[in-house]
J.: 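So that we are looking at the same thing, I have put the structure below in structure tokens.
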Amino acid sequence: MRRRRDLGSLVFVDLRDREGIVQLVFSEDRHPEVFAAAKDLRPEFVIAVKGVVENRMPKDVNPHMATGAVEVEVSELEVLAQAETPPFAVEDESLVSEEMRLQYRYLDLRRPFQNARIVARHRLAQRTRNFLSGEGFIEIETPFLTKSTPEGARDFLVPSRLRPGTFYALPQSPQLFKQLCMVAGFDRYFQIVKCFRDEDLRADRQLEFTQIDIELSFPTEDLIMSLAERLTLELFAEAGVTAPEEVPRLTFAQAMDRYGCDKPDTRFGLELKTVSGIAAATGFGVFRGALEAGGCVRGLCVPGQAGMSRKQIEDLNAVVKPFGGKGVVSLMRKGGALAGAALKHIGEGPAEALLDAVGAGEGDVGLFVADAYDTACACLSALRLHFSKALNLVEAGRHDLLWVHRFPMFEWSPEEGRWSAKHHPFTMPAQEHWDLLESDPGKVEAQAYDLVLDGNEIGGGSLRIHRADIQKRVFRALGFSEASAQEKFGFLLDAFRYGTPPHGGIAFGFDRLTMLLLGCDSIRDVIPFPKTTSGLCLMTGSPGTVDEKQLEELAISLREKRPE
RNA sequence: GGGAUCGUAGCUCAGUUUGGUUAGAGCGCCGGCCUGUCACGUCGGAGGUCGCGGGUUCGAGCCCCGUCGGUCCCGCCA
């Protein structure tokens, strides 16, 4: 039960279940035998009642309540379980810190709106299963206790008792197994499956999370994209969210050029422009320095913001700082004249040209960042998002889906002094770039694609390498020796020797997608029992220490963590 | 690994700027009254290691150092 309203010789009780609420009436006149017991009812008691469902008198109807026209006149009452006063009211309206919600997660989940999110998640999962089954995919389970692989995220390790000193790893994704399903002739595979990555958490990242994992044989990029789009639209429909009419495709290079980001939010403009040519013609040291170092000058126009205060402009530097930006140069057209702190260094003529280049008219401000291309992109992308929030530029109810594809195959890792796979090492390089694998790995494009929803990556995949010779060349480009490739992935290379269909697939971040479709701000809201950003479960207290006996059985001895 | 921010009653918060008598509010809780409530009303009451540890001071919720925990971000997350 939810709440009791005691009017003396008349007691009302709201009775709640998963479906909703109904009002019970305990009347001293009509049922004195149960009336006394009703006085002792308290919130969260579990009760069973018998009574007659009656229409309320017209004046007593509650129009705000789905069941407000009826009530149950109770003649028998049994208290199945009493309840202590909960630490917070089990009501949608009660304000509770997330710490409390996570500590008493079962009470938080009991709240109708939170309960509904978990039910909605179930519906999305079921819709996924039905859709993919209908498309001829079969759900195949893959192991959680598997082998640690290099590349990618940190693994969670599970010690083996039967072979002391050895460890299983929990899968970062079922990637290798789904490819082996293709080798095994399953043709179309899917799975709604937990993945484990021992990395730092965020509002949209958990240590364990759920993917909709899909793989098929004899694919093309178009085939996979079209399948993924149809699945996504099914899920939009299930969630009751209006889907966008088209799903445009951008190459990675185009996305960086226009938005400075590989998962752009396209629901608002503020597109980026490169103005290096104009900037080079000025004597401005900030511009010259960046250009001489091989960088660029890029900018964007924020309409109608020429009136920003000096402090607001100053604060923009703080927006770009976390992304390695040194600062933002701003120019305004205000009252027919130019303004901006750097105007005197840039000069009126070049300033006009810069503002023209980003499309800034009267009342607008142009913001410019001079830096290495990647840094400039990151800073301007951050500025785009900053202004979209500050100026509320996203139209309510609008959702944009788009593909970003043809990612670079490799990115240079300065720490390790080698190339590393941007997607993963099993991604098929574009065929016309195979010759560059040895000569110029940085120019190789991958047949990989990400699906982006409102600036969030909700899915990503690729066509895979199905030929052992290409796979070996990619491993070599990544700096794996023949021996280490064989040791880590030998089973995959072996499998490829026995006839492997071309294959490819995609994986959706199911939690993240659910979060976005339900309009939640945190992935934790759609996960029944999530962990905090420091990886703790406040309800169970995990992770925890274990008995010496358990460690002994595993032949594990603990040692002090070495100071960094 | 780094940055920001928060931690005061069961819950949500004010009080910290400028150290000073007995730390407050709303909700909840407990008790009384109430026959049409549905955020019931009304009268009364209880309830505090100010996250924890140390320091400065005649005196610390308030200042300093450390630590634990929540949240957000950078790095990281193929």
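Letters A, B, ... mirror the listed sequences (proteins, then strands); counts begin at 1.
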J.: With sugar-phosphate meaning primed atoms plus P, OP1 and OP2, does A:Glu71 contact a base, only sugar-phosphate, or nothing at under 4.0 Å between heavy atoms?
T.: base
J.: Side-chain donor or acceptor of A:Glu99 under 3.5 Å from a matching atom on the base of B:U71?
T.: no
J.: Does the base of B:C77 carry an N or O that pairs as donor and acceptor with the side chain of A:Arg205 under 3.5 Å?
T.: yes
J.: Under 4.0 Å, heavy atoms only, any strand: does A:Thr427 hit a base, just the sugar-phosphate, or nothing?
T.: nothing
J.: Aromatic contact between A:Phe510 and A:Phe209, with the criterion being ring centroids under 6.0 Å apart: yes or no?
T.: no
J.: With a 3.5 angstrom cut-off on both distances, give the Watson-Crick or G-U wobble partner of B:C76, or none if there isn't one.
T.: none
J.: When we call it a touch if two heavy atoms are under 4.0 Å apart, what does A:Arg2 touch: a base, just sugar-phosphate, or nothing?
T.: nothing
J.: Using a 4.0 Å heavy-atom cut-off, write out nucleotides 44-49 of chain B from 5' to 3' as B (base contacted by protein), S (sugar-phosphate only) or - (no contact).
T.: ------
J.: So does A:Arg524 get a side-chain nitrogen or oxygen closer than 4.0 Å to the phosphate oxygens (OP1/OP2) of B:C72?
T.: yes
J.: Mind checking A:Gln175 for me? I need base, sugar-phosphate or nothing, with any heavy atom below 4.0 Å counting as a touch.
T.: base
J.: Kindly state each residue pair satisfying ring pair (Phe, Tyr, Trp, His ring centres under 6.0 Å) with at least one member in residues 47-68 of chain A, sequence neighbours excluded.
T.: none
J.: Using a heavy-atom cut-off of under 4.0 Å over every strand shown, decide if A:Pro425 touches base, sugar-phosphate, or nothing.
T.: base
J.: Would you list the protein and nucleotides 27-34 of chain B atom pairs, both N or O, that sit under 3.5 Å from each other?
T.:
residue	atom	partner	partner atom	Å
B:C30	OP1	A:Arg42	NE	3.0
B:G31	OP2	A:Arg42	NH2	3.4
B:C34	N3	A:Asp6	O	3.0
B:C34	N3	A:Gly8	N	3.4
B:C34	N4	A:Asp6	O	3.3
B:C34	N4	A:Asp6	OD1	3.3

J.: Need one value for A:Arg202: base, sugar-phosphate or nothing, where a base atom within 4.0 Å counts as base even if backbone is also close, heavy atoms only.
T.: base
J.: Using Watson-Crick or G-U wobble geometry with both distances under 3.5 Å, which nucleotide pairs with B:U5?
T.: B:G70
